[in-house]
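As structure tokens, the structure follows; a few thoughts come after it.
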Amino acid sequence: MNTGGKNRTMIRQVDDDGNLKHLISLDGIPADLLGTILDRAESYLSGPGSLRNPDKELNGITIANLFFEPSTRTRISFELAAKRLGAHVVNLETGSSSLRKNESLLDTFFTLQAMGVNLFILRHHQPGSCATIAEHANESVGIISAGEGHLSHPTQGLLDVLTMRLHKGDIRNLKVCIIGDIRHSRVARSAAQALATLGVRELFLVGPDRLLPAGQEFPNAVLSNEPDAGLSGADVVMALRIQKERMNDSDIPDGAEYFRRYGLTRERLGKTANGAIVMHPGPMNRNVEIADDVADGNQSVIRQQVTHGVAVRMAVMTLMARR
Ligand code: CP
């Protein structure tokens, strides 16, 4: 898709009254608005990992899921979140839509907007795609990124900080270690943006050189090749998948060698603070970035993250919906 070189940060995500208009990136979302979203998401939970029954706050609202990359968690949780709140949901089947007849993404958007869709959920590999659509949206229509290239996955970042807050309290007291393929990860970027805004005490990003980003991109983080540097005393550890789909074949590390050097094992987890939690955004590649007994162990909150994703998406959609 030709995005015309538009910069996603040119889109105003927050209006003059501080209301969320679009959610394309967590970059620039102020701390008080992050707090509002997290508080609202928490109000949809009866405790960590447990959803309560909400009112039908989205009655009369129509939501369209447009997913141009594979997804299990994000797509289904947006749909379930919307339906729990009483919204209508349509899922564009990209493989059998008129996109196959060369209709552009923008014309597809105009078509659905003309049918009265209020909120668009877009996952697309092309950086800039969400901003391009938001730029053409009617005043009452909101765009929510469900993952944009390697750049941004804002609802994932929100569910990650919500999970940390629910288990470990104030983000400002935490040492967080993200270990894995940071370079190609929109999850790491969105989590780092939210954590920086919320004043995280320490953020370590750990991986081999070829999976680390340029340092300037994460000015508030410590980048390291040494797992022990990040894991030592960490309150939160998040393991990330190697994102082969964004790499040349020749750059993909050998899985067994990667696990030996960077895999999150019980032994490595022993370096963390007492009561540390283990997170992973999914999908997991077991025994590549995380050992079975850590993924399924008593410090793992990975399945709770999924539940929290439903609550966060409920919060974002109710804050954005305009009739
Ligand atoms: N975490 C995440 O984005 O998972 P899916 O690709 O399954 O949506």
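Just the heavy atoms: all of them, side chains too, but no hydrogens, waters or symmetry mates, feed the values below. This is a predicted model, so every value here is computed, not measured. Counting starts at 1 for both ligands and their atoms, in listed order.
Remark: Arg313 is positioned above the aromatic ring of Phe78, its terminal NZ or CZ atom under 6.0 angstrom from the ring centre and at most 45 degrees off the axis.
Taking only nitrogen or oxygen atoms, main chain and side chain alike, Arg123 reaches within less than 3.5 Å of ligand 1. Residue Pro281 has at least one nitrogen or oxygen atom sitting less than 3.5 Å from a nitrogen or oxygen atom of ligand 1, judged on distance alone.
There is no side-chain donor-acceptor pair under 3.5 Å between Asn65 and Arg123.
In this structure, atom 4 (O) of ligand 1 lies nearest to the protein heavy atom Arg73 NE, 3.0 Å. In terms of protein heavy atoms, atom 2 (C) of ligand 1 is closest to Thr74 OG1, 3.5 Å.
Minimum interatomic distance between Thr307 and Ser50 (heavy atoms only, all atoms of both residues): CG2-N, 3.9 Å.
Atom CZ of Arg303 has 12 or fewer heavy atoms from other residues, nucleotides or ligands within 6.0 Å. Surrounding CD of Glu267 are at most 12 heavy atoms belonging to other residues, nucleotides or ligands under 6.0 Å away.
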Quick one: side chains of residues 106-113, donor-acceptor pairs under 3.5 Å with protein atoms, not counting sequence neighbours, listed by atom name and distance.
from   : atom 1 : to     : atom 2 : distance (Å)
Asp107 : OD2    : Ser104 : OG     : 3.4
Thr108 : OG1    : Ser104 : O      : 2.8
Thr111 : OG1    : Asp107 : O      : 2.7
Gln113 : OE1    : Asn138 : N      : 2.8

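Within ligand 1, counting atoms from 1 as listed, the ones closer than 4.0 Å to a heavy atom of Thr72 are 5 (P), 7 (O), 8 (O). Close approach of ligand 1 to Gln156 is summarised as follows: ligand atoms under 4.0 Å from at least one heavy atom of the residue are 1 (N), 2 (C).
Taking a 4.0 Å cut-off on heavy atoms, Gly282 registers as neighbouring ligand 1. Heavy-atom distances between His153 and ligand 1 reach below 4.0 Å in at least one pair.
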